[in-house]
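Read the structure below first, then the notes.
What you are looking at is a predicted structure, and each value in this text was computed from that prediction instead of being measured. Each ligand, and each atom within it, is numbered from 1 in the order the structure gives.
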Amino acid sequence: MLFHVAMQVRLPPDMPADRADALKSREKAVAQEIQRQGKWPHLWRVAGRYANISIFDVADNDELHALLSSLPLFPYMDITVTPLAQHPSALPAEARA
Ligand SMILES: O=C(O)C[C@H]1C=CC(=O)O1
């Protein structure tokens, strides 16, 4: 199942820089491991914001929740999930230029 996921990071302004840096470093390692597993095929920065737009490819809602809640920044993110379904006008990838 594909999910569109929008994450807005909101670190507390008074969080010490070394704590924030450690969280971001751990976040990167976990995010890249999930990508290596093929479960996070798109990760895009939203220009001008500490936010991303992602596509997750997972078995079900429970797996998505497990992955999102495993992210070290999870307590500091507002996350909006949109389940994706097939569009009847969408060409299969192999039919596109
Ligand atoms: O920076 C972000 O958008 C938040 C989070 C998502 C992946 C990652 O490495 O950090």
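- In terms of N/O distances under 3.5 Å, ligand 1 is approached by Asn52.
- Note: Tyr50 OH to Met77 CE = 8.5 Å, rounded to the nearest 0.5 Å.
- Listed by first and then second residue, the salt bridge (Lys or Arg N to Asp or Glu O under 4.0 Å) pairs that reach into residues 69-85 are Arg10-Asp78, sequence neighbours excluded.
- Counting heavy atoms closer than 4.0 Å to ligand 1, residue Phe74 contributes nothing at all.
- Atoms of ligand 1 found under 4.0 Å from any heavy atom of Glu27 (numbered from 1 in listed order, with element): 5 (C), 6 (C), 7 (C), 8 (C), 9 (O), 10 (O).
- Note: Met7 CE to Leu68 CG = 5.5 Å, rounded to the nearest 0.5 Å.
- Look at Trp44 and you'll find every heavy atom at least 4.0 Å from all atoms of ligand 1.
- Residue contacts with ligand 1: Arg45 is placed with a nitrogen or oxygen under 3.5 Å of a nitrogen or oxygen of the ligand (distance criterion only).
- Among pairs with a residue in residues 44-59, none fulfils salt bridge (Lys or Arg N to Asp or Glu O under 4.0 Å), at least two apart in sequence or across chains.
- The pair Lys24-Glu27 does not meet the salt-bridge criterion, since no charged nitrogen lies less than 4.0 angstrom from a carboxylate oxygen.
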